[in-house]
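The structure appears right after this line, and notes come after that.
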Amino acid sequence: MAPTVEKTPGTPQFLWLDLTRQCQLKCSHCHNGSGPDGAHGSMTAEDWTRVLDEAAAVGVSRVQFTGGEITMHPDAPTLIEHALTLGLKVEVYSNLVHVDADWWQLLRQQGVSLATSYYGGEAQHNAVTGRPSHARTRANIAKAVSEKIPIRVSVVSDPSDTGEAVKRDLQTMGVRDVRVDHVRPFGRAADGQKPCTDGLCGRCGDGRASIDPYGQVSPCVFSTWMGVGNVQDTPLAAILDGPEMAQANATIRQGRRLGVSLGCGPNSPCGPDNQDKPCSPDTDDECGPGTPGSDCTPRN
(Lines give C-alpha, C1' and ligand atoms only; values in the text may rest on other atoms or scores of the structure.)
Protein backbone atom coordinates (compact mmCIF):
# COMPACT_ATOMS: atom_id res chain seq x y z
CA MET A 1 0.00 0.00 0.00
CA ALA A 2 1.14 3.53 -0.73
CA PRO A 3 1.85 5.77 2.27
CA THR A 4 -0.84 8.27 3.24
CA VAL A 5 -0.17 11.58 1.54
CA GLU A 6 -1.60 14.90 2.68
CA LYS A 7 -3.33 16.44 -0.31
CA THR A 8 -2.53 20.04 -1.07
CA PRO A 9 -5.26 22.47 -2.19
CA GLY A 10 -6.01 22.05 -5.89
CA THR A 11 -4.26 18.70 -6.20
CA PRO A 12 -6.22 16.42 -8.54
CA GLN A 13 -7.58 13.38 -6.80
CA PHE A 14 -8.54 11.76 -10.10
CA LEU A 15 -6.55 11.20 -13.29
CA TRP A 16 -7.55 9.90 -16.70
CA LEU A 17 -4.72 7.76 -18.06
CA ASP A 18 -5.56 7.88 -21.76
CA LEU A 19 -3.20 5.17 -22.97
CA THR A 20 -4.09 4.67 -26.61
CA ARG A 21 -5.92 5.85 -29.71
CA GLN A 22 -6.26 2.27 -31.00
CA CYS A 23 -9.74 0.74 -31.00
CA GLN A 24 -11.59 -2.03 -32.88
CA LEU A 25 -14.47 0.40 -33.38
CA LYS A 26 -14.76 3.74 -35.10
CA CYS A 27 -17.65 5.34 -33.26
CA SER A 28 -19.24 8.24 -35.07
CA HIS A 29 -18.96 10.50 -32.03
CA CYS A 30 -15.67 9.33 -30.47
CA HIS A 31 -14.38 12.29 -28.46
CA ASN A 32 -10.73 11.68 -29.40
CA GLY A 33 -11.06 10.12 -32.86
CA SER A 34 -9.82 6.64 -31.90
CA GLY A 35 -10.13 3.73 -34.31
CA PRO A 36 -8.45 0.73 -35.97
CA ASP A 37 -5.69 2.96 -37.35
CA GLY A 38 -4.96 4.58 -33.99
CA ALA A 39 -1.59 4.35 -32.24
CA HIS A 40 -0.42 3.80 -28.68
CA GLY A 41 1.53 7.06 -28.78
CA SER A 42 5.01 7.81 -27.51
CA MET A 43 4.48 7.04 -23.82
CA THR A 44 6.35 3.88 -22.81
CA ALA A 45 5.46 1.49 -20.01
CA GLU A 46 8.27 3.08 -17.98
CA ASP A 47 6.78 6.54 -18.60
CA TRP A 48 3.34 5.46 -17.42
CA THR A 49 4.80 3.66 -14.39
CA ARG A 50 6.66 6.82 -13.39
CA VAL A 51 3.48 8.88 -13.84
CA LEU A 52 1.59 6.50 -11.54
CA ASP A 53 4.32 6.80 -8.92
CA GLU A 54 4.26 10.59 -9.19
CA ALA A 55 0.47 10.67 -9.06
CA ALA A 56 0.35 8.63 -5.86
CA ALA A 57 3.07 10.81 -4.34
CA VAL A 58 1.05 14.02 -4.83
CA GLY A 59 -2.16 12.53 -3.41
CA VAL A 60 -4.08 11.22 -6.41
CA SER A 61 -6.36 8.45 -5.15
CA ARG A 62 -8.28 7.32 -8.26
CA VAL A 63 -7.36 6.72 -11.89
CA GLN A 64 -9.26 5.68 -14.96
CA PHE A 65 -7.51 3.67 -17.67
CA THR A 66 -9.08 4.61 -20.97
CA GLY A 67 -8.41 5.19 -24.66
CA GLY A 68 -9.19 4.17 -27.41
CA GLU A 69 -9.81 0.64 -26.29
CA ILE A 70 -7.74 -0.02 -23.21
CA THR A 71 -7.73 -3.81 -23.61
CA MET A 72 -5.75 -3.37 -26.85
CA HIS A 73 -2.78 -1.76 -25.08
CA PRO A 74 -0.20 -4.46 -24.29
CA ASP A 75 1.07 -2.76 -21.12
CA ALA A 76 -2.32 -1.93 -19.62
CA PRO A 77 -2.61 -5.00 -17.35
CA THR A 78 0.85 -4.44 -15.86
CA LEU A 79 0.11 -0.75 -15.32
CA ILE A 80 -3.21 -1.53 -13.63
CA GLU A 81 -1.46 -3.99 -11.33
CA HIS A 82 1.09 -1.30 -10.47
CA ALA A 83 -1.63 1.23 -9.74
CA LEU A 84 -3.22 -1.24 -7.32
CA THR A 85 0.09 -1.80 -5.50
CA LEU A 86 0.22 1.98 -4.98
CA GLY A 87 -3.17 1.89 -3.29
CA LEU A 88 -4.97 3.64 -6.14
CA LYS A 89 -8.56 2.83 -7.01
CA VAL A 90 -8.81 1.85 -10.67
CA GLU A 91 -11.61 2.15 -13.19
CA VAL A 92 -11.21 0.42 -16.56
CA TYR A 93 -13.18 2.09 -19.37
CA SER A 94 -13.71 -0.44 -22.15
CA ASN A 95 -16.04 -0.92 -25.10
CA LEU A 96 -16.35 -4.56 -23.91
CA VAL A 97 -16.11 -5.92 -27.44
CA HIS A 98 -13.34 -8.40 -26.55
CA VAL A 99 -12.41 -9.27 -22.98
CA ASP A 100 -10.23 -12.36 -22.60
CA ALA A 101 -9.79 -14.58 -19.56
CA ASP A 102 -6.74 -12.67 -18.29
CA TRP A 103 -8.65 -9.40 -18.38
CA TRP A 104 -11.59 -10.90 -16.49
CA GLN A 105 -9.18 -12.11 -13.83
CA LEU A 106 -7.76 -8.59 -13.56
CA LEU A 107 -11.22 -7.00 -13.38
CA ARG A 108 -12.19 -9.27 -10.48
CA GLN A 109 -9.47 -7.80 -8.27
CA GLN A 110 -10.36 -5.68 -5.29
CA GLY A 111 -10.08 -1.99 -6.09
CA VAL A 112 -10.95 -2.37 -9.78
CA SER A 113 -14.23 -1.32 -11.38
CA LEU A 114 -15.47 -1.32 -14.95
CA ALA A 115 -17.24 1.23 -17.16
CA THR A 116 -18.59 1.17 -20.68
CA SER A 117 -20.81 3.02 -23.14
CA TYR A 118 -24.05 1.71 -24.58
CA TYR A 119 -26.03 3.16 -27.45
CA GLY A 120 -29.42 1.47 -27.27
CA GLY A 121 -30.82 -1.42 -29.27
CA GLU A 122 -28.85 -3.58 -31.65
CA ALA A 123 -29.39 -1.50 -34.79
CA GLN A 124 -28.63 1.81 -33.09
CA HIS A 125 -25.60 0.53 -31.20
CA ASN A 126 -24.10 -1.06 -34.30
CA ALA A 127 -24.75 2.05 -36.37
CA VAL A 128 -22.82 4.19 -33.86
CA THR A 129 -19.88 1.81 -33.52
CA GLY A 130 -19.66 0.91 -37.21
CA ARG A 131 -19.45 -2.79 -36.41
CA PRO A 132 -21.80 -5.56 -35.18
CA SER A 133 -20.57 -4.96 -31.63
CA HIS A 134 -23.86 -4.83 -29.72
CA ALA A 135 -24.15 -8.52 -28.90
CA ARG A 136 -20.61 -8.75 -27.53
CA THR A 137 -20.86 -5.59 -25.44
CA ARG A 138 -24.23 -6.63 -24.02
CA ALA A 139 -23.01 -10.14 -23.22
CA ASN A 140 -19.94 -8.78 -21.43
CA ILE A 141 -22.07 -6.33 -19.43
CA ALA A 142 -24.12 -9.33 -18.30
CA LYS A 143 -20.93 -11.27 -17.48
CA ALA A 144 -19.58 -8.40 -15.37
CA VAL A 145 -22.85 -8.33 -13.42
CA SER A 146 -22.75 -12.11 -12.92
CA GLU A 147 -19.11 -11.89 -11.79
CA LYS A 148 -20.11 -9.14 -9.30
CA ILE A 149 -17.62 -6.75 -10.88
CA PRO A 150 -18.65 -3.14 -10.14
CA ILE A 151 -19.79 -1.69 -13.46
CA ARG A 152 -21.33 1.56 -14.58
CA VAL A 153 -22.86 2.06 -17.98
CA SER A 154 -23.24 5.37 -19.78
CA VAL A 155 -26.20 5.41 -22.14
CA VAL A 156 -25.36 7.83 -24.94
CA SER A 157 -28.70 8.68 -26.46
CA ASP A 158 -29.97 10.65 -29.41
CA PRO A 159 -31.02 14.23 -28.49
CA SER A 160 -34.64 13.30 -29.25
CA ASP A 161 -34.51 10.33 -26.87
CA THR A 162 -34.37 10.56 -23.09
CA GLY A 163 -32.57 7.22 -22.91
CA GLU A 164 -34.84 6.11 -20.08
CA ALA A 165 -36.06 2.97 -21.86
CA VAL A 166 -32.49 1.81 -22.46
CA LYS A 167 -31.62 2.67 -18.87
CA ARG A 168 -34.49 0.50 -17.59
CA ASP A 169 -33.40 -2.34 -19.87
CA LEU A 170 -29.88 -2.28 -18.40
CA GLN A 171 -31.28 -2.14 -14.90
CA THR A 172 -33.28 -5.30 -15.58
CA MET A 173 -29.95 -6.92 -16.50
CA GLY A 174 -28.73 -6.09 -13.00
CA VAL A 175 -26.66 -2.97 -13.75
CA ARG A 176 -27.13 -0.70 -10.75
CA ASP A 177 -25.15 2.28 -11.99
CA VAL A 178 -26.63 3.56 -15.26
CA ARG A 179 -26.40 7.18 -16.41
CA VAL A 180 -27.79 8.86 -19.50
CA ASP A 181 -25.20 10.97 -21.27
CA HIS A 182 -25.08 13.10 -24.38
CA VAL A 183 -22.61 13.45 -27.22
CA ARG A 184 -20.00 16.13 -26.60
CA PRO A 185 -18.71 18.15 -29.57
CA PHE A 186 -15.15 16.86 -29.65
CA GLY A 187 -13.28 14.47 -31.92
CA ARG A 188 -15.49 13.05 -34.65
CA ALA A 189 -18.57 14.55 -33.07
CA ALA A 190 -17.21 18.05 -33.72
CA ASP A 191 -17.76 17.60 -37.48
CA GLY A 192 -14.52 19.41 -38.23
CA GLN A 193 -15.30 22.40 -36.02
CA LYS A 194 -12.62 23.90 -33.82
CA PRO A 195 -12.86 22.57 -30.22
CA CYS A 196 -14.07 25.05 -27.65
CA THR A 197 -15.39 25.35 -24.11
CA ASP A 198 -19.08 25.07 -25.02
CA GLY A 199 -19.11 21.31 -24.63
CA LEU A 200 -17.25 21.30 -21.30
CA CYS A 201 -19.04 21.06 -17.98
CA GLY A 202 -16.95 23.88 -16.52
CA ARG A 203 -15.31 21.77 -13.83
CA CYS A 204 -12.34 20.57 -15.89
CA GLY A 205 -9.12 20.65 -13.89
CA ASP A 206 -11.05 20.86 -10.63
CA GLY A 207 -9.69 17.86 -8.77
CA ARG A 208 -8.91 16.06 -12.02
CA ALA A 209 -6.59 16.03 -15.01
CA SER A 210 -5.91 13.90 -18.08
CA ILE A 211 -2.75 12.51 -19.69
CA ASP A 212 -2.84 11.41 -23.33
CA PRO A 213 -0.79 8.75 -25.19
CA TYR A 214 1.89 11.32 -25.97
CA GLY A 215 2.29 12.54 -22.41
CA GLN A 216 0.33 15.74 -22.87
CA VAL A 217 -1.57 16.87 -19.77
CA SER A 218 -4.90 18.70 -20.02
CA PRO A 219 -7.60 19.72 -17.54
CA CYS A 220 -9.81 16.80 -18.58
CA VAL A 221 -10.18 14.07 -21.17
CA PHE A 222 -12.47 16.30 -23.25
CA SER A 223 -10.20 19.37 -23.23
CA THR A 224 -7.10 17.79 -24.75
CA TRP A 225 -6.57 20.75 -27.08
CA MET A 226 -5.74 22.80 -23.96
CA GLY A 227 -2.37 21.16 -23.31
CA VAL A 228 -0.61 22.46 -20.19
CA GLY A 229 2.63 20.43 -20.20
CA ASN A 230 4.12 17.05 -20.99
CA VAL A 231 5.08 14.40 -18.44
CA GLN A 232 7.83 13.13 -20.73
CA ASP A 233 9.91 16.18 -19.92
CA THR A 234 8.33 17.70 -16.78
CA PRO A 235 7.35 16.12 -13.44
CA LEU A 236 3.61 15.65 -13.03
CA ALA A 237 3.45 17.72 -9.84
CA ALA A 238 5.06 20.71 -11.56
CA ILE A 239 2.51 20.55 -14.37
CA LEU A 240 -0.50 20.20 -12.07
CA ASP A 241 0.64 23.17 -9.98
CA GLY A 242 2.00 25.15 -12.92
CA PRO A 243 0.83 28.43 -14.44
CA GLU A 244 -0.34 26.77 -17.67
CA MET A 245 -2.84 24.58 -15.80
CA ALA A 246 -4.02 27.55 -13.76
CA GLN A 247 -4.50 29.60 -16.92
CA ALA A 248 -6.39 26.81 -18.70
CA ASN A 249 -8.69 26.38 -15.73
CA ALA A 250 -9.28 30.12 -15.52
CA THR A 251 -10.14 30.24 -19.23
CA ILE A 252 -12.67 27.44 -18.82
CA ARG A 253 -14.23 29.02 -15.70
CA GLN A 254 -14.43 32.43 -17.36
CA GLY A 255 -16.14 31.01 -20.40
CA ARG A 256 -18.72 29.19 -18.29
CA ARG A 257 -19.35 32.19 -15.98
CA LEU A 258 -19.93 34.55 -18.85
CA GLY A 259 -22.01 32.07 -20.78
CA VAL A 260 -19.58 32.63 -23.62
CA SER A 261 -17.44 30.06 -25.37
CA LEU A 262 -14.07 31.69 -25.77
CA GLY A 263 -12.71 31.51 -29.30
CA CYS A 264 -15.61 29.47 -30.64
CA GLY A 265 -17.08 31.97 -33.04
CA PRO A 266 -20.30 33.98 -33.20
CA ASN A 267 -22.50 31.06 -34.20
CA SER A 268 -21.73 29.04 -31.08
CA PRO A 269 -24.76 28.44 -28.83
CA CYS A 270 -22.90 30.40 -26.16
CA GLY A 271 -21.08 32.73 -28.50
CA PRO A 272 -21.01 36.53 -28.53
CA ASP A 273 -24.09 36.79 -30.73
CA ASN A 274 -26.10 34.60 -28.38
CA GLN A 275 -25.23 35.94 -24.95
CA ASP A 276 -28.89 36.26 -23.99
CA LYS A 277 -29.38 32.51 -24.32
CA PRO A 278 -28.66 30.03 -21.53
CA CYS A 279 -25.38 28.18 -21.88
CA SER A 280 -25.60 24.43 -21.36
CA PRO A 281 -24.45 22.31 -19.61
CA ASP A 282 -25.36 24.00 -16.34
CA THR A 283 -22.33 25.42 -14.57
CA ASP A 284 -23.52 23.84 -11.31
CA ASP A 285 -23.27 20.32 -12.73
CA GLU A 286 -20.59 18.16 -11.17
CA CYS A 287 -18.23 16.47 -13.59
CA GLY A 288 -16.35 13.70 -11.88
CA PRO A 289 -15.69 10.85 -14.26
CA GLY A 290 -14.93 7.59 -12.58
CA THR A 291 -16.57 8.53 -9.31
CA PRO A 292 -19.99 7.74 -7.83
CA GLY A 293 -22.63 10.22 -8.90
CA SER A 294 -20.83 11.25 -12.07
CA ASP A 295 -22.75 12.08 -15.21
CA CYS A 296 -19.66 12.98 -17.22
CA THR A 297 -18.08 10.03 -18.93
CA PRO A 298 -15.88 9.58 -21.94
CA ARG A 299 -17.19 7.38 -24.70
CA ASN A 300 -15.09 4.96 -26.68
Can you confirm whether [X] sits close enough to [Y] that some side-chain heavy atom of one is under 4.5 Å from a side-chain heavy atom of the other?
X	Y	value
Val99	Leu107	yes
Thr71	Asn95	no
Phe65	Ile80	yes
Leu19	Thr66	no
Asp212	Val221	no
Val231	Tyr214	no
Leu15	Gln64	no
Asp169	Arg138	yes

Between [X] and [Y]: side-chain donor-acceptor atoms closer than 3.5 Å:
X	Y	answer
Thr20	Gln22	no
Asp53	His82	yes
Thr44	Asp47	yes
Ser94	Glu69	yes
Ser133	Thr129	yes

With rounding to the nearest 0.5 angstrom, report the [atom1] to [atom2] distance, [X] to [Y].
X	Y	atom1	atom2	value
Ser154	Tyr93	OG	OH	4.5 Å
Met173	Ser146	CE	OG	10.0 Å
Lys89	Leu84	NZ	CG	12.0 Å
Arg179	Ser117	CZ	OG	11.5 Å
Lys143	Leu114	NZ	CG	12.0 Å
Met226	Gln247	CE	CD	8.0 Å

Heavy-atom pair with the smallest gap, counting every atom of [X] and [Y]:
X	Y	answer
Ile239	Gly229	CD1-C, 3.8 Å
Asp18	Gly67	OD1-CA, 3.3 Å
Met245	Ala209	CE-CB, 4.0 Å
Val166	Gly120	CG2-CA, 3.8 Å
Gly68	Asn32	N-ND2, 3.9 Å
Leu88	Val60	CD2-O, 3.0 Å

(message) Name the residue from Ile211, Asn230, Thr234 that meets the side-chain contact (heavy atoms from CB on, under 4.5 Å) definition with Val217.
(response) Ile211
(message) If we ignore hydrogens and angles and just use 3.5 Å, is the side chain of His125 paired with the main-chain N or O of Tyr119 as donor and acceptor?
(response) yes
(message) Checking the side chain of Glu54 only, and the main-chain atoms of Leu236 only, is there a donor and an acceptor separated by less than 3.5 Å?
(response) yes
(request) Find out if a path of hydrophobic residues (ILVMFWY) with successive side-chain heavy-atom gaps under 4.5 Å connects Met72 to Met43. (result) no
(message) Tell me whether Glu147 is salt-bridged to Arg108, with the criterion being a basic N under 4.0 Å from an acidic carboxylate O.
(response) yes
(request) Applying side chain to side chain contact (heavy atoms under 4.5 Å, CB included), run through Ile141 and Leu170 and close with a yes or a no. (result) CA-CA 9 Å; Ile141 290 173; Leu170 288 163; 4.2 Å; yes
(message) In this structure, is the centre-to-centre distance between the rings of Tyr118 and His134 below 6.0 Å?
(response) yes
(request) Decide yes or no on side chain to side chain contact (heavy atoms under 4.5 Å, CB included) for Trp103 and Val92, but give the supporting numbers first. (result) CA-CA 10 Å; Trp103 268 98; Val92 174; 4.0 Å; yes
(request) May I ask you to check whether over 12 heavy atoms, not counting those of Arg176, lie within 6.0 Å of atom CZ? (result) no
(message) Looking at Arg136, I'd like to know if its CZ atom is crowded, meaning that more than 12 non-hydrogen atoms belonging to other residues, nucleotides or ligands lie closer than 6.0 Å.
(response) no
(request) Please report the C-alpha distance between Gln109 and Val90 in whole Å, then the side-chain angles of each, then the deciding distance to 0.1 Å, and finally whether the side chain to side chain contact (heavy atoms under 4.5 Å, CB included) criterion is met. (result) CA-CA 10 Å; Gln109 293 199 47; Val90 170; over 6 Å; no
(message) Run Gln232 and Gln216 through side chain to side chain donor-acceptor pair (under 3.5 Å) and show every step you take.
(response) CA-CA 8 Å; Gln232 290 181 308; Gln216 189 77 4; over 6 Å; no
(request) Apply side chain to side chain contact (heavy atoms under 4.5 Å, CB included) to the pair Leu79 and Leu17, showing each step before the final yes or no. (result) CA-CA 10 Å; Leu79 294 171; Leu17 303 180; over 6 Å; no
